[in-house]
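Just so you know, these numbers use all the heavy atoms, side chains as well, and skip hydrogens, waters and symmetry mates. Residue numbers begin at 1 in each chain, while the letters A, B, ... track the order of the sequences.
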Amino acid sequence: MNSVILQVASKYVKWLLVVFALIALYRGHNFPGGGFIGGLLVGLSVIFSSLAYDAQRARNSLKIQPEGYIALGLLTIFLSILPGVFLKQYFMAGVWTSIHIPFLGVIKLGTPFLFDIGVFFAVIGVTLMSFFTFSNIMKWK
Amino acid sequence: MQTLLLVYLVSAFLPFIFAGKLKKAIPFFLAFVHFGAFAYFFSKIERIGNGDILRETIPWVPQLGINFDLVLNGLSIAFALLITGTGVLVFLYAHAYMKSYKNLGVFYFYLFLFSAAMLGLVLSGNLIQLFVFWELTSYLSFLLISFFHEKESARNAAFQSLYLTGFGGLVMVAGIILLGSVVGSYSVSDWVVNAEILRAHQFYLPGLMLIFVGVFTKSAQFPFHFWLPGAMQAPTPVSSYLHSATMVKAGIFMLALLSPILGGTSAWTYTLTLTGAITMFMGAYFAITQTDIKAILAYTTISSLGVLVLLLGIDTALSVKAAMLFLFVHAFYKAALFMIAGFIDKKTGTRDWRNLGGLARSMPITFVFAVLASLSMAGLPPMLGFLGKELIYEAKVQSPVIAPYVLVLGVAGNALMIAVALFFLFKVFLGKAKNQVQIKVKTDWAYIIGPGILALLSLFFGLFPAFLGETIVEPALISILKRDYNVELKLWHGFNTVFFLSLFTVFLGFILFYVAYTRDSVLVKWRAFNQRIFSVRFVDVFNNLLKGFLSFSKRKTELVQHGYHRFYILTIFLVASIFLWYQVYVTIGWNLDNVFTLRPFYVSGLVLVIIISTIFSMVSKSRIATIITMGVAGYGIALLFMYYSAIDLAITQIIVETLILVMFVLILQRLPLFARLSSKTTRLRDLFIALSFGSAMTVLALKSINVNFNHPISDFMIENSYTKAYGQNVVNVILVDFRALDTLGEVTVLVVAALGVFVLLKTKKT
Amino acid sequence: MNAIALPIFIPFILIFVMVAVRNSRAAQLISVLGSTLLFVVSLYLFISLKDTKILTLNMGSWEAPFGISLVLDYFSGLMLVTASLIVLCLSVYTIYFMDDEHRNNMFYVFFFSLTMGVNGAFLTGDAFNLYVWFEVILISSFVLITLGNSKQQLEGGIKYLALNLIGSMFFLAGLGLLYGKTGTLNMAHLAHILRASEQPVLINTSAALFFMAFGIKAALFPLFFWLPASYHTANISVTSIFAGLLTKVGVYVLIRFFTLFFVQDQVFWLNLFLIIAGFTMVVGGMAASSHYDTRRILSYHIISQIGYMIMGLGIYTPLAIAGAIFFTIHNMIAKTNIFLVSGMINRSKGSFYLKDIGGLFKQSPILAILFILPAFALAGVPPLSGFFAKFILIKAGIEAGQYLIVAVAIATAMLTLYSMIKIWNEAFLKKAPESSEVEPYFKKPGFPELLPSVILGAASLLMGLFAATVFGYTMVAAEQLLVPTHYIESVLNGLNP
Amino acid sequence: MEIVLAILIGVLYTAGVYMLLRRSILKFIIGIIFLSNATNLLVFISSGIIAGQPAFVDGTTPSPNNLSDPLPQALVLTAIVIGFGIVVFTLALKFKFFETTGTDDLDQLQQTDN
């Protein structure tokens, strides 16, 4: 599918999707969205661009390989589990802190948010990995 | 006693520790252990004779009533002496006999462990403990019989013996548990106390019969007798031990143990006397037509076991006395004769009497012992066997129930035994020398010492029976009868019915022997006759049953596990529909409050679109159309979620649907077109099943909607989502905070699935 | 008790590590160390049950029934310890019996995700969470069974996958209905509500759905097709893992659910269990006796043994439930062990097919002993573990007056004996067939390869010798199951919403 | 409306089971998708559906009565994602199987039984 329109469109749509995804991730705790939706959206964006060009190219343009995303996601999830044990005596307990960021105001950050980020990365990795494998181009290192 | 059993257990492992030159000393050492045990029991005779009972209890699983109850009373000491005493001789004999074979360590290990198990069995004061040892003897004898395991016949015989005795054991334990549930204990002494209750209980008959099955299989009673002749595949020392003092005597021990508890009823008496009498006659009848001398001996063992069962079945003081005496009689002569048979086998290389003859000249001492043992077997004076037989006749004559039939069978059986004994002597030892001793055996004495001692014991006790009678048989009898009883044994009883019966039997036996001896053709014809009349051999029946069962199961398995994947699914959904409809039917009390309405129409329209695209996807022949309509249905469901205010759900559903569609399209290019593979009837059938399941689910859904809602959990979540978890989107808060563990598992599923896809598609086929 | 979560998180960390580690030596080492840690933790947890009998952990500090609780009672504790012992043994075994291809394929990732799922299923006190763990188990086993990509494995994999997917679909549907009825997912809370509720309208239909779901997982009679179609195709290490853990999770959940929730209309369910148990035993046993491939014999035999466990559930007395638990533990150990040994037989002789092999008794007496331990344990020879397992069940059956099922159980024991003796006779006692192509190559297994089997064999023996202790635990577990007030109270912590 | 939805569930289940019983593996997978959709829907509606406000709260609206129940939504979301993972794997398995054997016919799968 090397249609020019699609290629041009994909460039924008792709970034649009990624931005959407990040917003979904960030706002997920308060508005529709969250790690799953965000991760799936990013995956969709990469798939979209590879439909426009080809999968190999889309893959090369990735900064982190799918398995990297998976590992990153699992690690983040694991890290989000720990603070609860040490600070609240329960696994997975939410630990919150608020920080003040200029222009955005007070933001509450907590381990559930970290957990959501982990899910986000893991889902990206999973989507990409299965997609690339289906596209039959993936090589292990 | 526990120390003793422990010593046995530890000593059993010695064959593996002894190495090099010490290896030869193993049997001596083990015989010595047996001797030590024998001496130990012997030293206790007096105390036991005075009515003492030695008891040791080690709890094992007390909650289930399973304990190690070691009891030494008159009954168990009699058996223990027999086991250890014979054990000494068997191991000495084995030293000579087994020399030329390999894997001796394993052999002695099995054999010694076997004797330990047997000893444990007779010392058991708890029936489950007894069963444990019972099973151990079964399994160990399996290993012993299959010792020459490269012979198929040995494997088969071992399998048969294990299968029958194992089966009997399991059935017996069911009986024990059944009766145990009446008493609430498995301890023999508790059973004795509650004997009256047991005999009156409705479980008595079934429990008794179950236990009898165990006893009959173990003690080779008709119709389970056929494994015993097969068991001669074992090395001869094993046979002589198995047939005389151990294994088959376990059943007898069990009967003796239970007779004060369960005995005395007509069920007990009739079953045992009948079975015993048939077995007794049949064993003797078949013994005479055998050609292998070990087989002859095996059949006479069956006959003797029949006698023992019969006597315990008659269940009078006299008959039990006869049984206890005959136990010793049989053990002495049977062990001796088996050892002699093994010796002959070693010397001449054959066990077929048709190839043997005139051995008296080359093995005179053996001949003397053989004569003594055979006379004892035939029940002729002055041997112990004569005493035994007299007592048996006496018991039979006085037996209260079916004396005439028992007597007829008894006389016939005994006459046959006399004939067999004489025949054995004359054919093998006298007459023309057919087969000279070919094989030189270095240590003749080691072969003869065992049978020699046993044969001399038979003679000695025949002449001076008082010791045996008063110190061993009497305590045993007392512990069986549970009352005092004075045992006096005499060789000469005077002219009475029994004496004339004996005389008649001897006369009959001699005639039989004479006929068989002088005319070879008689036995040949007899054998042919037997083969024609009793064309059904039990071994074959067993094998055929087994074979039939196996092919039956193979067919059934192929029927169930046929390999047609669709039918597996079909079965599952069929079962599910039946279940669900049944449950719907049972819980019919449901009333629909919901009114059928199509409002709002746009939702109804959406549902209609989903339904139509689903059906289209079902029947379409085009792959693309199928997949696209499937997608439409998926998106439609997402919109439904949206309508019912599940925003996150709708978004997820849409993205997931898209991803699945993309992947479908990706692999679709490589796949073949749909082919219409199934016929119209198949499709109709499938549709019917699908419909029955689908409609059941519809009903379930309707019912579930109808239930009152009460959601304490989600109310809590809604209330605390913002205040405690700092999130406005409750669904997301649930996912990452309230129920984060679910999400953790979910991510794991995704990761594993992705890696699985990768592994599956990356690797080449192997 | 935060440690309760460790049996789930330790494998989770190991998954992460195994994704990252590419060196197979290092992976082996880490897997052995990790599973040792897992075993120690499980043992510690089990021992710390002593005081309170039930331990709970509310994940994320959300009180039950609002969050997810992990619950450790004696039943789950026993299963957990047994499972982690098996995992430990297998992580050693796989070093020697996994070919390199599989190892490169990140076998350990799937191995530990399976472990994680199994531990999670044992520990969780939340019905939906249980579903998630079931899915973790499911997807891991899908991957494991197809690892190697042979045609046979793909075939077996498709059947396995299809039927198990249907099973989890039933599970989810049943959960939905249950939630709709009760509004809660916490198992203790569910039990509390269902015991109080009067209208069993939906409970029975969800019970039917759950029965289908777990019946498929546990390979009960009309639903077991996936097991014999797939188990024998996978690598022997994988089959051993499956034999030890998978169907038993199904049995665990069946026992858990039908003692905790579905106490209404019990007569119907218990009778059904007895009927199904009988058929499962006999059909499995018959099929096992008619085969000549070790793995197939043993696979069918798994089914037959599941029948005993369900029989215990069907009799439904404390003794019977204790017997079922005892049997499950015994079976997990002995069954895994016998698969391990059959793997070694295959390694030594080059075939699983009994007609092609023989003469092992002479070649490797150690292997013979290692085979005899689990085989005799399975056949129920005293004093090994299987004897007590069967004894308790038969005793319970007789005392409850269920004579028919006891008769079936005894007949099945004979079938088991036949299958075991068949393998013994053919593989060990018989002379190796001369015409066979795989002969005469024979590789003597080294000690480290035998170690897992030695450990499991010793476990079978010790379980028999110290049956009193183990039975004591199972009895406590059974009482906890049958009278779940303590369970409900401990989990809900006195809370009564 | 609930009745209509219940019928929809029935149709989806029927379609799913019917597709599972076909011989083509592809249809089989489509059947799985239908089944999981049907199950999700069942879970969703059996816990009570309200066409109204989605479950968003802030400090001021703590009255749960007119909000839709968020818990089944979360459950179904989890189920959808899990289903996604499994369907993807099934597709891969199907593809590999076809690549290895060259057939899409489930009736050819008889080697591993008996």
Asks: Of the backbone (N, CA, C, O) and the side chain (C-beta and beyond), which part of Phe44(D) lies under 4.5 Å from a heavy atom of chain C, both, or neither?
Replies: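 Phe44(D) has no heavy atom closer than 4.5 Å to chain C.
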
Asks: Quick check on Val143(C) against chain D: is it the side chain, the backbone, both or neither that has a heavy atom closer than 4.5 Å?
Replies: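 For Val143(C), backbone and side chain are both near chain D.
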
Asks: Do Asn186(C) and Ser69(C) have side-chain atoms, one donor and one acceptor, less than 3.5 Å apart?
Replies: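 Yes, Ser69(C) and Asn186(C) have a side-chain donor paired with an acceptor closer than 3.5 Å.
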
Asks: Determine whether the side chains of Glu155(C) and Thr233(C) contain a donor N or O and an acceptor N or O closer than 3.5 Å.
Replies: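 Side-chain D/A pair, Glu155(C) to Thr233(C): absent.
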
Asks: What part of Ala287(C) gets closer than 4.5 Å to chain D, counting heavy atoms only: side chain, backbone, both or neither?
Replies: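 Neither part.
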
Asks: Sort Leu20(D) into side chain, backbone, both or neither according to what part of it lies under 4.5 angstrom from a heavy atom of chain C.
Replies: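 Just its side chain gets close to chain C.
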
Asks: Which bit of Leu175(C) comes within less than 4.5 Å of chain D, counting heavy atoms only: side chain, backbone, both or neither?
Replies: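 The answer is neither part of Leu175(C).
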
Asks: Answer with side chain, backbone, both or neither: which region of Ile32(D) has an atom nearer than 4.5 Å to a non-hydrogen atom of chain C?
Replies: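 For Ile32(D), the side chain is the part near chain C, not the backbone.
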
Asks: Side chains of Thr184(C) and His189(C): do they bring a donor and an acceptor to under 3.5 Å?
Replies: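 There is such a pair between these side chains.
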
Asks: Report the option among Asp293(C), Leu172(C), Leu138(C) that has the most heavy-atom pairs separated by less than 4.5 Å from atoms of chain D.
Replies: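 Of Asp293(C), Leu172(C), Leu138(C), Leu172(C) has the most heavy-atom pairs under 4.5 Å with chain D.
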
Asks: Between Phe142(C) and chain D, which part of the residue has a heavy atom less than 4.5 Å away: side chain, backbone, both or neither?
Replies: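 Its backbone and side chain both get close to chain D.
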
Asks: Evaluate the ring planes of Tyr231(C) and Tyr160(C), with Trp represented by its six-membered ring, and classify them as parallel (under 30°), tilted (30 to 60°) or perpendicular (over 60°).
Replies: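 The arrangement is tilted - the two ring planes meet at 30° to 60°.
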
Asks: Using the ring of each side chain (for Trp, its six-membered ring), is Tyr131(C) parallel, tilted or perpendicular to Phe171(C), with breaks at 30° and 60°?
Replies: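 Rings of Tyr131(C) and Phe171(C): perpendicular, as their planes differ by over 60°.
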
Asks: Answer with side chain, backbone, both or neither: which region of Leu42(D) has an atom nearer than 4.5 Å to a non-hydrogen atom of chain C?
Replies: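 For Leu42(D), the contact with chain C is made by the side chain alone.
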
Asks: Report which part of Leu35(D) has an atom under 4.5 Å of a heavy atom belonging to chain C: side chain, backbone, both, or neither.
Replies: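 Contact with chain C involves both backbone and side-chain atoms of Leu35(D).
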
Asks: Report yes or no: is the cationic atom of Arg22(D) (NZ for Lys, CZ for Arg) closer than 6.0 Å to the six-membered ring centre of Tyr18(D), at no more than 45° off its axis?
Replies: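 Verdict for Tyr18(D): a cation-pi partner in Arg22(D).
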
Asks: Could Lys422(C) and Tyr292(C) be counted as a cation-pi pair, given that NZ or CZ must be under 6.0 Å from the ring centre and within 45° of the axis?
Replies: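 Geometry flag: set, cation within 6.0 Å and 45°.
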
